[in-house]
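The block underneath contains the structure these notes are about, expressed in structure tokens.
Chain letters run A, B, ... following the sequence lines, proteins first, then strands; residues in each count from 1.
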Protein chains: 2
Amino acid sequence: MNTRDKIILLGDNLIRKRGYNAFSFSDISKELNIKNASIHYYFPTKTALVIAIIQKHLILLEKFKEKVSEKDSVQKIIKFLSVYSITKSEGRISILGSLSNDYFTFTAEVQTELKILTNNTLNWLTDTLKEGRQQGFFHYDMEDRKKALIIITNILGAEQLSRVTDNYDFHKIKEAIINDLIK
Amino acid sequence: MNTRDKIILLGDNLIRKRGYNAFSFSDISKELNIKNASIHYYFPTKTALVIAIIQKHLILLEKFKEKVSEKDSVQKIIKFLSVYSITKSEGRISILGSLSNDYFTFTAEVQTELKILTNNTLNWLTDTLKEGRQQGFFHYDMEDRKKALIIITNILGAEQLSRVTDNYDFHKIKEAIINDLIK
DNA sequence: GTCTATACCTTGATAGAC
DNA sequence: GTCTATCAAGGTATAGAC
């Protein structure tokens, strides 16, 4: 992996573990055994770095969509939830949850990128739920987008709260989401 | 209101709007037209301030419990959710959501206080759900604590995501939580 | 209780050599 | 592409006068 990608990966992990305003370029430079000036070579500002990180997640989302495109709706949702589960390991939460929290401390440009990632995620989930509902896999009585919102917010909140309470809580909630859908 | 309480109130608002690691003593001192040294007179460290803020919320929770103690379970839950709604005004999220996010950047002492506040909240909600279920108001088929977890995490996530998407989303989700319970 | 003054550190960022 | 050197700004925190 080249240095640029390593910086993005470390920044990503730091944001999701400690938050955007709680990590510095020196956290990354120490880990990579380079100087902070070298990071500025790749990313002139911290804002540029976080944008690159969001864009990486946009690409990952597209790859995920592609990868599960042939599966049935139930499997799609299970895979979707499992991404958030792996993501959460070692206390890291999803990029969406972490960055939403620091939303008001971002420049307009970062806010826009974050909105795009959020909407792309929400749109895919809405479409997948609709598909599963129409095919008789899922059962719920509300707008598809509303159900999608509830599932996403439930996951984001669960990631957050699991830090304080107990990691097992997270699994309980994921189980409940699936059971509620296919009941 | 005395200076100490003003500092706590401003710190509370700043944490819930921008996060613990994104505000400084000078944000508070400017607002109060005092010097940063004066804040240190009341709170020697930033850690001491956040602990005082958590303890204020512990007291607020006790007052809330007392205030709704005579109401029926449905009203209790509605009041509980409405607290989170008011809380969210102007983009401020709940103290639980905001501090959970910065959990790994806190000292052990702050983490402990936050755990206490979280558990107290969760315990009250669990008991209230159980009461309402036993009295036939609420209908769900899982452990009471699990249902309490789902409700809390749903609210925390909704507060978070509403910043990025649309405030109206938050109301939609609250509605859905109530409807799901009493359906 | 609030101030001035200041110490000390970390931050994000830049200039220019290699 | 990475380094040294350096910067200005802002952070938490403290000492001591008033």
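- Residues from residues 98-113 of chain B with heavy atoms under 4.0 angstrom of DNA chain C: there are none.
- Of the candidates D:dT2, C:dA13, D:dT12, the closest approach to any side-chain atom of A:Tyr42 belongs to D:dT2.
- Using a cut-off of 4.0 Å between Lys/Arg side-chain N and Asp/Glu carboxylate O, B:Glu31 and B:Lys6 are scored as not salt-bridged.
- Within the model, atoms OG of B:Ser24 and CG of B:Asn36 stand 8.5 Å from one another, a figure rounded to the nearest 0.5 Å.
- The nucleotide whose nearest atom lies closest to any side-chain atom of A:Ser24 is, among C:dA13, C:dG12, C:dT2, C:dG12.
- In this structure, CD1 of A:Ile39 is placed 11 Å from P of C:dT11, rounded to the nearest angstrom.
- Ion pairing between A:Lys65 and A:Glu62 holds under the 4.0 Å rule for side-chain N and carboxylate O.
- Taking side-chain N and O atoms only, A:Thr3 has a distance below 4.0 Å to OP1 or OP2 of D:dT2.
- Atom P of nucleotide C:dT2 and atom CG of B:Leu32 are separated by 9 Å, given to the nearest angstrom.
- Note on B:Glu90 versus B:Arg92: salt bridge recorded, some NZ/NE/NH1/NH2 to OD/OE distance being below 4.0 Å.
- Checked against C:dC3, C:dA15, D:dA13, the side chain of A:Ala37 finds its nearest nucleotide in C:dA15.
- One side chain, B:His57 or B:Asp12, offers a donor N or O that lies under 3.5 Å from an acceptor on the other.
- Between A:Asp127 and A:Lys130, none of the side-chain N atoms (NZ, or NE/NH1/NH2) sits under 4.0 Å from a carboxylate O, so this pair counts as no salt bridge.
- Listed nucleotides: C:dT11, C:dA13, D:dC3. Nearest to the side chain of A:Ser38: D:dC3.
- Candidate nucleotides C:dT2, C:dT4, D:dG11 were compared by shortest atom distance to the side chain of B:Lys35, and C:dT4 ranks first.
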